There are 2 protein chains.
Amino acid sequence: MVDEKEKDSTEQKIIAAAKQVFHEKGLDGARMQDIADKAGINKALLHYYFRSKDKLFEMIFREAVARLIPKVGILFLEDVPLFEKIEKFVDFYIAMLIENPYLPLFVMNEIQKESGREFLEGIFNGKKPAVHVLAKQIEEEVAKGNIKPIKPMQLTMNMVSMCIFPFMGRPMIKLLWDINEEQFMQAMEERKKHVVQFIIDSIRK
Amino acid sequence: MVDEKEKDSTEQKIIAAAKQVFHEKGLDGARMQDIADKAGINKALLHYYFRSKDKLFEMIFREAVARLIPKVGILFLEDVPLFEKIEKFVDFYIAMLIENPYLPLFVMNEIQKESGREFLEGIFNGKKPAVHVLAKQIEEEVAKGNIKPIKPMQLTMNMVSMCIFPFMGRPMIKLLWDINEEQFMQAMEERKKHVVQFIIDSIRK
DNA sequence: GTCTATATGGAGATAGAC
DNA sequence: GTCTATCTCCATATAGAC
């Protein structure tokens, strides 16, 4: 009984190992041997559980993205004041990236390829995050004179950029500022409040 | 006479092709065959001109980075007021990225690998950009009460993030906002002034 | 389900003719 | 300098015993 999702079943071990290796090295750089080693099994078993490397990759990736993208979409749609929406977005996004630090590079690489377009379509599965809802809200606040004039797309890019980029540039940031992993993570925690404040300070009249 | 750097010498054709393929697919994803095809020659010639794929890659990459990194370092060191320094940095950085849109992903991928550390050391060649000079300047402005209190590292991350990220996320941005390449580039041009203003609005008292 | 052993294919690299 | 043909290696994938 209750064999359900045995934390250390072979399948789970493979998924955990694959996640790590794929995230670190990308699809091309990852070696099935590395994944097998990390999972404590041999290559043949990988093919027994997942038919091919591509299948395994896609499965790992889609699981992560499918779980996270919808949550972002919902944040855009919620009927809350702009500043609160920004705060919720930044909080959620950075918290999510702390849990999935390799995801951004992973996604950026995929969308850059020739197949990137269809890849993106697949991710969103027809339902793109409603950036225009957020855009409309920003425009209304500008029109009402509640915030300084600003182009919604630029503001949104600023917000997303400041959340995501530090995780991609982590090794360089650590080197340039001479900080260790712990200090970096500490800075990311602080960053939740910092980015919100930085944005609000900029657009508030 | 004057054979110097014949624009369409085989070597130049290889370099142009390699640059394109490496930038699009990264070291692992790039195929020597692709590069040869794009250069209109065969694989053997690639090895005649450059001993190995790694050598070719390194050559392409170092050329671009070696040309650009020092310029950033100089910007940090210049003895100009903070706001002006920020403006110069953002202007230069975005202009550079318009010319080299694939460089960021390229760099991010390299630094993420196990070999990333030594790779970075190699890039900087002992002379890291002097972020601490900028940091000191920011701290002084805060102390003097000229700008709001802000942590130098966070402010610097914000600045760099807002410059670089849109170029990495370009395909997704174009899809979500439903704009074409021309409109995207237009937005990046506007962005030079936008980001500067956004930052100054945020930190100015 | 898990292993060992092996097949298959593709990529970088080389030899040698021209 | 440039080509064709070939080598070698290594990663994915499969066969088949246990």
Side-chain angles (χ1 to χ4, degrees), chain A residues 1-62 106 109-110 112-115 119, chain B residues 1-62 106 109-110 112-115 119:
Chain A
M1 37 154 263
V2 280
D3 71 322
E4 333 188 354
K5 296 272 181 173
E6 296 277 3
K7 182 76 177 74
D8 54 350
S9 69
T10 299
E11 185 168 343
Q12 289 304 310
K13 278 190 293 186
I14 291 174
I15 290 175
K19 198 175 294 188
Q20 197 176 341
V21 175
F22 278 137
H23 279 203
E24 280 170 18
K25 314 208 173 175
L27 174 57
D28 294 315
R31 295 287 154 251
M32 293 295 264
Q33 187 63 60
D34 296 344
I35 297 173
D37 290 349
K38 208 173 278 280
I41 54 156
N42 61 32
K43 284 190 295 178
L45 258 198
L46 291 181
H47 291 278
Y48 174 80
Y49 279 94
F50 306 88
R51 269 203 6 259
S52 70
K53 185 187 184 183
D54 282 346
K55 287 271 193 299
L56 178 56
F57 178 80
E58 200 175 312
M59 134 104 204
I60 296 293
F61 177 79
R62 288 197 184 285
F106 197 75
N109 276 317
E110 291 311 304
Q112 214 69 237
K113 297 178 186 170
E114 295 146 43
S115 56
F119 174 85
Chain B
M1 39 159 266
V2 281
D3 72 320
E4 333 188 355
K5 296 271 181 174
E6 295 278 4
K7 183 72 177 75
D8 55 349
S9 70
T10 299
E11 185 168 344
Q12 288 305 311
K13 278 191 292 184
I14 291 175
I15 290 175
K19 198 175 291 188
Q20 198 177 340
V21 175
F22 278 137
H23 279 204
E24 280 172 16
K25 315 209 172 174
L27 174 57
D28 293 316
R31 296 286 156 250
M32 293 295 263
Q33 188 63 59
D34 296 344
I35 297 172
D37 290 347
K38 207 173 282 278
I41 53 154
N42 60 34
K43 282 192 297 176
L45 258 197
L46 292 181
H47 290 278
Y48 174 79
Y49 279 94
F50 306 88
R51 272 207 359 261
S52 71
K53 185 187 185 184
D54 283 345
K55 287 272 193 299
L56 178 56
F57 177 80
E58 201 175 312
M59 136 103 204
I60 296 292
F61 177 79
R62 288 197 185 284
F106 196 74
N109 276 316
E110 291 311 304
Q112 214 70 236
K113 297 178 186 170
E114 296 146 41
S115 56
F119 174 86

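Just so it is clear, the structure is predicted and the values come from calculations on it, not from any experiment. All chains are named by letter (A, B, ...) in the order of the sequence lines, taking the proteins before the strands, and each is independently numbered beginning at 1.
With D:dA13, C:dG1, C:dA13 as the candidates, the nucleotide lying closest to the side chain of A:His47 is D:dA13. Of the listed nucleotides (D:dC3, C:dC3, C:dG12), C:dG12 has the atom at the smallest distance from the side chain of B:Arg31. Side-chain proximity of B:Met32 to the nucleotides D:dT4, D:dT12, C:dA13 is greatest for C:dA13. Nearest nucleotide to the side chain of A:Ala44, out of D:dA13, D:dC3, C:dT4: C:dT4.
Atom CG of A:Leu56 and atom C1' of D:dA11 are 14 Å apart (whole Å). For the pair A:Asp37 CG and D:dT12 C1', the computed distance is 15 Å after rounding to whole Å. Per the geometry, CG belonging to B:Leu45 stands 18 Å off P belonging to C:dA17, to the nearest Å. B:Gln12 places its CD atom 13 Å from the P atom of D:dG1, with the value rounded to the nearest Å. Between the P atom of D:dT14 and the NZ atom of A:Lys53 lies a distance of 15 Å, rounded to the nearest Å. Distance A:Asp54 CG to C:dG10 C1': 14 Å, rounded to the nearest Å. Atom CD1 of B:Ile14 is separated from atom C1' of D:dC3 by 14 Å (rounded to the nearest Å). Note: CD (A:Gln33) to P (D:dC9) measures 18 Å, nearest angstrom.
The two residues B:Ile15 and B:Ile60 make their nearest non-hydrogen contact at O-CD1, 3.6 Å.
The distance from the CD atom of B:Glu58 to the CZ atom of B:Phe50 is 12.5 Å, given to the nearest 0.5 Å. B:His47 contributes atom NE2, which lies 9.0 Å from atom CG of B:Leu56 (distance to the nearest 0.5 angstrom).
Nearest-nucleotide positions on DNA chain D place B:Glu11 closer to the 5' end than the other of B:Lys43 and B:Glu11.
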Evaluation steps, side-chain contact (heavy atoms from CB on, under 4.5 Å), between B:Tyr49 and B:Leu45: CA-CA 6 Å; B:Tyr49 279 94; B:Leu45 258 197; 4.0 Å; yes

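Under 4.0 Å is where a charged nitrogen must lie from a carboxylate oxygen, and between A:Asp34 and A:Lys25 at least one such pair does.
At least one side-chain nitrogen or oxygen of A:Thr10 sits closer than 4.0 Å to the OP1 or OP2 atom of C:dT2. Contact check, A:Asn42 against C:dC3: a side-chain N or O comes under 4.0 Å of OP1 or OP2.
Using a 4.0 Å heavy-atom criterion, one finds that B:Tyr49 contacts the sugar-phosphate atoms exclusively. No contact: A:Ala36 has no heavy atom under 4.0 Å from any strand.
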